[in-house]
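In what follows, a structure is listed as structure tokens, so that the remarks can point back to it.
The first residue of the sequence shown is numbered 1, and numbering continues consecutively from there.
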Amino acid sequence: MPIKLERKHAFPLTLAPILIALGFVLFKLYTASKVTNPETGRVARVALSPEQEQRLGIEAYAQVQRDEAGKIVQSGPDVELVKRVTNRLARAAAEKAVVKYNWEVSVIQSNERNAFCLPGGKIVVYTGIIPIAKNEAGLATVLGHEMAHATSRHSAERLFRSQIVQTILGGVQGGLMDMDPAQRQAVMGALGAGAKYGATLPFSRSQESEADHIGLLYMARAGYDPRESIAFWKRMDEQLSKGAPSEFLSDHPSHNTRIGHLQTWMPQAQQEYNQHHNRAPAA
């Protein structure tokens, strides 16, 4: 009885799961909510409504307050400084805002040199960033950037893009089910790395740059000299540049890239400052 040899393809691929995934992606792209950034005019697709974002922000903010309950600073110069800068920036952001934000801020006693703003306008500032900020304008650089992430709805946009990437990768993985498991794992690992370094990280850096741009406009509109932003990032570079990953491997632009962008945007920010600085006392 003759023996029939079955030839295995070197790269077995089933198209159906990939086509289904691509169809779902096209559907999502067509039906997704679109928002226009009031400061830059950039149109973005988002996965959450403003109400959903605010609920998530409130939940995350409450969790931070529980986790850091013993370190929250209730009063004193640092709290007064942070609240004063936040209030001025909030008024500046509101001039063109589409969504109304109920801004809240907590100051946490910590050497951590950081601050962040959750969706919906809940801000956390660690006292370790204040000496690097050095003055109100320096702190406005930090907080304007973080508040711009919220007003630009970057979290909802990141979630949408993450869903798209995961859908595509899931479709490809489904299309490779007939492949040898070790080979399939290697292919998916390569695709995952490609998605991370070719799409996810560059997109994150672009959001960071947009927040830098908008934060610069906020601080200028609030009456803070926008040139102080460059001085702040030079101080940050002195403090944190050692051991930092290359920009290609990071989700943030390098400090030198940031400074270069700020210099490009400075004429626009200076115009905002000249129009608005008489509304608030100099920092």
Shared hydrophobic cluster, Leu81 / Phe232 (ILVMFWY, side-chain heavy atoms < 4.5 Å): yes
Rounded distance [0.5 Å steps], CG in Leu169 versus CD1 in Ile18: 11.0 Å
Side chain to side chain, Thr36 and Arg42, heavy atoms closer than 4.5 Å: no
Atom pair CG (Leu216) and CG (Leu262), whose distance is rounded to the nearest 0.5 Å: 5.5 Å
Heavy-atom neighbours of Asp67 CG exceed 12 at 6.0 Å: yes
Verdict with reasoning, Gln54 to Val99, per side chain to side chain contact (heavy atoms under 4.5 Å, CB included): CA-CA 11 Å; Gln54 291 185 19; Val99 178; 3.8 Å; yes
In one Ile/Leu/Val/Met/Phe/Trp/Tyr side-chain cluster, 4.5 Å: Val165, Val187: yes
Validation row: Thr86, Ile123 side chains within 4.5 angstrom (heavy atoms): yes
Nearest non-hydrogen partners of Gly223 and Tyr273, listed with the distance: O-CE1, 3.4 Å
Cluster link Ile230 to Val142, ILVMFWY, side chain under 4.5 Å: yes
Trp233 and His255 aromatic ring geometry - parallel, tilted or perpendicular at 30°/60° bounds: tilted
N/O donor-acceptor pair under 3.5 Å between His213 side chain and Ser209 backbone: no
Heavy-atom check, side chain of His145 versus side chain of Glu208, under 4.5 Å: yes
Test item: side-chain donor near acceptor, Tyr224 and Thr141, under 3.5 Å: no
Any side-chain heavy-atom pair of Val82 and Leu139 under 4.5 Å: yes
Glu112 atom CD: more than 12 heavy-atom contacts under 6.0 Å: yes
Arg221/Glu39 under salt bridge (charged side-chain N to carboxylate O under 4.0 Å, His left out): CA gap, chis, key distance, verdict: CA-CA 12 Å; Arg221 198 177 297 154; Glu39 298 287 346; 2.9 Å; yes
CZ on Arg84 to CG on Leu89, rounded to 0.5 Å: 12.0 Å
Non-hydrogen atoms of Trp103 and Cys117 that approach each other most closely: CZ3-SG, 3.8 Å
Shortest non-hydrogen contact between Ala21 and Gly171, atoms and distance: CB-CA, 3.7 Å
Approximate separation, where rounding is to 0.5 Å, of Leu143 CG and Arg88 CZ: 12.0 Å
Donor-acceptor pair between Asn37 and Ser152 side chains, under 3.5 angstrom: yes
Plane angle bin for His261 and Trp265 - parallel if under 30°, tilted between 30 and 60°, otherwise perpendicular: tilted
Within one Ile-Leu-Val-Met-Phe-Trp-Tyr cluster: Leu29 and Ile168, side-chain cutoff 4.5 Å: yes
Ionic contact status for Lys122 with Glu146, cut-off 4.0 Å: no
pair Gln65-Ser106: side-chain heavy atoms closer than 4.5 Å: yes
Trace of the side chain to side chain contact (heavy atoms under 4.5 Å, CB included) decision for Ile129 with Asn114: CA-CA 6 Å; Ile129 195 67; Asn114 195 19; 6.0 Å; no
His154 versus Glu210, side-chain donor and acceptor atoms under 3.5 Å: yes
The single option from Gln52, Arg153, Glu53 passing side chain to side chain contact (heavy atoms under 4.5 Å, CB included) against Val46: Arg153
Inter-residue atom distance Arg113.CZ - Ile132.CD1, 0.5 Å rounding: 5.0 Å
Residue pair Val107, Thr127: steps toward the side chain to side chain contact (heavy atoms under 4.5 Å, CB included) verdict: CA-CA 7 Å; Val107 178; Thr127 55; 3.7 Å; yes
Salt bridge Lys134-Glu228, side-chain N to carboxylate O under 4.0 Å: no
Over 12 foreign heavy atoms within 6.0 Å of CZ, Arg227: no
hydrophobic_cluster_shared for Leu176 and Ile20, side chain cutoff 4.5 Å: no
Check: Thr167 side chain, Gln163 main-chain N or O, donor-acceptor pair, under 3.5 Å: yes
Atom of Tyr218, atom of Met147 and distance for their closest heavy-atom approach: CE1-C, 4.5 Å
Where Ala150 and Gly121 come nearest, the two heavy atoms and their spacing: CB-N, 4.3 Å
Approximate separation, where rounding is to 0.5 Å, of Lys234 NZ and Ser229 OG: 10.5 Å
Worked check of side chain to side chain contact (heavy atoms under 4.5 Å, CB included) between Lys83 and Val105: CA-CA 7 Å; Lys83 288 187 175 181; Val105 62; 3.9 Å; yes
Check: Arg258 side chain, Asp212 main-chain N or O, donor-acceptor pair, under 3.5 Å: no
Heavy-atom pair with the smallest gap, counting every atom of Leu118 and Gly57: CD1-O, 3.9 Å
